[in-house]
Asker: 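Here it is: the structure, laid out below.
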There are 2 protein chains.
Amino acid sequence: MTVAQPAVELDLELVLKALSSARRLQILEWLKDPASNFPVQEIGDPEIHGACNQYIGDKLGISQPAASRHLKVLTDASLIVATPRQGWIYYRRDEEVLDAAKRLINDI
Amino acid sequence: MTVAQPAVELDLELVLKALSSARRLQILEWLKDPASNFPVQEIGDPEIHGACNQYIGDKLGISQPAASRHLKVLTDASLIVATPRQGWIYYRRDEEVLDAAKRLINDI
DNA sequence: TAGCCATATAACATATTAGTTATATGGCTA
DNA sequence: TAGCCATATAACTAATATGTTATATGGCTA
């Protein structure tokens, strides 16, 4: 019996372009464990909601707008999800989409 | 018992940059079956040696130097291998490296 | 509802990518 | 060994990517 795979519609080239940046690979790595990799946040559960733009930009050592654009590239490729919460926006990995992307890549 | 994995040293960002191009994904796809995807060649076995620069450039509809550079990007990332043979240079997939790359990507 | 503050967007500079045409290189072969 | 011919490199152009600072946007909260 096979596990049903959700029909995630992915643009392989878009996904690979999003992944082909050391900065964005680093963000995805940190988001595997937001609670360990980012400062304590008063609001929301980092394990559920991820980390916010400012923390990510600070840790990368780049400006807030630069971090914002990296997060947009990852969001446009559907690899991460944004959750607005009390004035902050938390970003987390979308493991389902990441798995779908890996399956596509395994066919290369 | 696990199958021994060769210690292929790969730069993940370099590999992903090489893969993040529709042109280069197309080349890799065609090279899965060179005999079906390229004209008959007098010299060498396409299944073993792959296809040459000119055939690839012609099929992509780009110039010979443009194809040459795409092949260089893939070669620099170790994803394909060049085999010189009687004045032509054949390019084939390196399945071992591709598999190693996929294993790295599966850890993203 | 006024204002704060996190994020997004604009405008800009610079670097990289990807195409072109022209030319150099270098291994086969006659 | 002379020359051919496939490939590589050079020089250039245009588009894209990535960083900056300045500014706009818009949801919370006091």
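Since the model is a prediction, treat every value here as computed from it, not as a measurement. We use all heavy atoms of the structure for the numbers below, so side chains are in, but hydrogens, waters and symmetry mates are not.
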Asker: Verify the contact: side-chain N or O of B:Arg85 to OP1 or OP2 of D:dA6, cut-off strictly under 4.0 Å; return yes or no.
Answerer: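 No.
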
Asker: Quick one: look up who D:dA30 pairs with, Watson-Crick or G-U, both distances under 3.5 Å, and put none if it's unpaired.
Answerer: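 Its partner is C:dT1.
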
Asker: To the side chain of B:Arg24, which of C:dG19, C:dA18, C:dA22 is closest?
Answerer: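 Selected nucleotide (nearest to the side chain): C:dA18.
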
Asker: Starting at the 5' end of DNA chain C and moving along, which residue's nearest nucleotide shows up first, A:Tyr91 or B:Arg23?
Answerer: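 Its nearest nucleotide lies further toward 5', so the answer is A:Tyr91.
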
Asker: Can you tell which of D:dT9, C:dT7, D:dT20 lies closest to the side chain of A:Ile62?
Answerer: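 Of all the options, the side chain of A:Ile62 is nearest to D:dT20.
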
Asker: Between A:Ile105 and A:Leu16, is there a side-chain heavy-atom distance shorter than 4.5 Å?
Answerer: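 Yes - at least one pair of side-chain heavy atoms lies under 4.5 Å apart.
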
Asker: Could you tell me the Watson-Crick or G-U partner of C:dA18, where both distances fall under 3.5 Å? Say none if there is no partner.
Answerer: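 C:dA18 is paired, partner D:dT13.
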
Asker: Rounded to the nearest angstrom, tell me the gap between atom NE2 in B:His70 and atom C1' in C:dT20.
Answerer: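 From B:His70 NE2 to C:dT20 C1': 12 Å.
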
Asker: Looking at the side chain of A:Gln86, which of D:dA17, C:dA10, D:dT29 is the nearest nucleotide?
Answerer: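 Of D:dA17, C:dA10, D:dT29, D:dT29 is nearest to the side chain of A:Gln86.
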
Asker: When the distance from NZ of A:Lys72 to P of D:dT25 is rounded to whole Å, what number comes out?
Answerer: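 Atom-to-atom, A:Lys72 to D:dT25, this comes out as 17 Å.
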
Asker: Measuring from the side chain of B:Ala66 (C-beta onward, heavy atoms only), which nucleotide among D:dA8, C:dT20, D:dT20 has the closest atom?
Answerer: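 Per side-chain heavy atoms of B:Ala66, the pick is C:dT20.
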
Asker: So which nucleotide does D:dT20 pair with, by the Watson-Crick or G-U wobble rule with both distances under 3.5 Å?
Answerer: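 Base-paired to C:dA11.
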
Asker: Heavy-atom distance under 4.5 Å between the side chains of A:Val15 and A:Leu104, does that happen here?
Answerer: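 Result no, sub-4.5 Å side-chain heavy-atom pair not found.
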
Asker: Can you tell me the distance, in whole Å, between the CG atom of B:Leu60 and the C1' atom of C:dA18?
Answerer: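 About 13 Å, once rounded to whole Å.
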
Asker: Check every atom of D:dA8, C:dA18, D:dT18 against the side chain of B:Asn53 and return the nucleotide holding the closest atom.
Answerer: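 Selected nucleotide: D:dA8.
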
Asker: Please give the nucleotide sitting opposite D:dT25 as a Watson-Crick or G-U wobble pair, both distances under 3.5 Å, or none.
Answerer: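 Result: C:dA6.
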
Asker: So, for B:Ala82 and B:Tyr91, which heavy atoms are closest and what is the spacing to 0.1 Å?
Answerer: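 Of all heavy-atom pairs spanning B:Ala82 and B:Tyr91, the closest is CB-CE2, 3.6 Å.
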
Asker: Nearest whole Å is fine: how far is D:dA17 P from B:Leu16 CG?
Answerer: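 From B:Leu16 CG to D:dA17 P: 16 Å.
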
Asker: Between A:Asp94, A:Leu28, A:Leu98, which is the residue that forms a side chain to side chain contact (heavy atoms under 4.5 Å, CB included) with A:Ile80?
Answerer: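 Per the side chain to side chain contact (heavy atoms under 4.5 Å, CB included) rule, the option paired with A:Ile80 is A:Leu28, out of A:Asp94, A:Leu28, A:Leu98.
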
Asker: Of the options C:dT9, C:dT20, D:dT9, whose atoms approach the side-chain atoms of B:Ser68 most closely?
Answerer: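 So the nucleotide nearest the side chain must be D:dT9.
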
Asker: We want to know whether B:His70 and B:Arg23 form a side-chain donor-acceptor pair, criterion being a heavy-atom distance below 3.5 angstrom.
Answerer: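 Short answer, no.
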
Asker: Toward the 5' end of DNA chain D, which comes first, A:Gly61 or B:Leu71, by nearest nucleotide?
Answerer: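 The residue whose closest nucleotide sits nearer the 5' end is B:Leu71.
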
Asker: Return no unless some side-chain N or O of A:Ser63 is found under 4.0 Å from OP1 or OP2 of D:dG19.
Answerer: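 No, no such contact exists.
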
Asker: For A:Lys17 and A:Gln64, find the nucleotide of DNA chain D closest to each by heavy atoms; which residue's nucleotide sits nearer the 5' end?
Answerer: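 Its nearest nucleotide lies further toward 5', so the answer is A:Lys17.
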
Asker: Calculate the interatomic distance between B:Leu14 atom CG and C:dT16 atom P; express it in whole Å.
Answerer: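 One finds 14 Å between P of C:dT16 and CG of B:Leu14, rounded.
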
Asker: Could you work out which one of D:dA6, D:dT9, D:dT21 sits closest to the side chain of A:Pro65?
Answerer: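 Closest nucleotide among those given: D:dT21.
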
Asker: If I take atom CH2 in residue B:Trp88 and atom P in nucleotide C:dC28, what distance separates them, rounded to the nearest angstrom?
Answerer: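 Atom-to-atom, B:Trp88 to C:dC28, this comes out as 14 Å.
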
Asker: Once you round it to whole Å, what is the distance between P of C:dA18 and CD of B:Gln26?
Answerer: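 From B:Gln26 CD to C:dA18 P: 16 Å.
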
Asker: Under 4.0 Å, heavy atoms only, any strand: does A:Pro84 hit a base, just the sugar-phosphate, or nothing?
Answerer: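 The residue A:Pro84 makes no contact with any strand.
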
Asker: Is A:Arg69 touching bases, backbone alone, or none of the nucleic acid, heavy atoms closer than 4.0 Å?
Answerer: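 It contacts base atoms.
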
Asker: Could you state the atom-to-atom distance from CD of B:Glu13 to P of D:dT18 in whole Å?
Answerer: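 Taking atom P of D:dT18 as the reference, CD of B:Glu13 is at 9 Å.
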
Asker: If you define the side chain from C-beta out and look only at heavy atoms, does anything of B:Pro65 sit under 4.5 Å from B:Arg69?
Answerer: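 No, too far: nothing below the 4.5 Å cut-off.
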
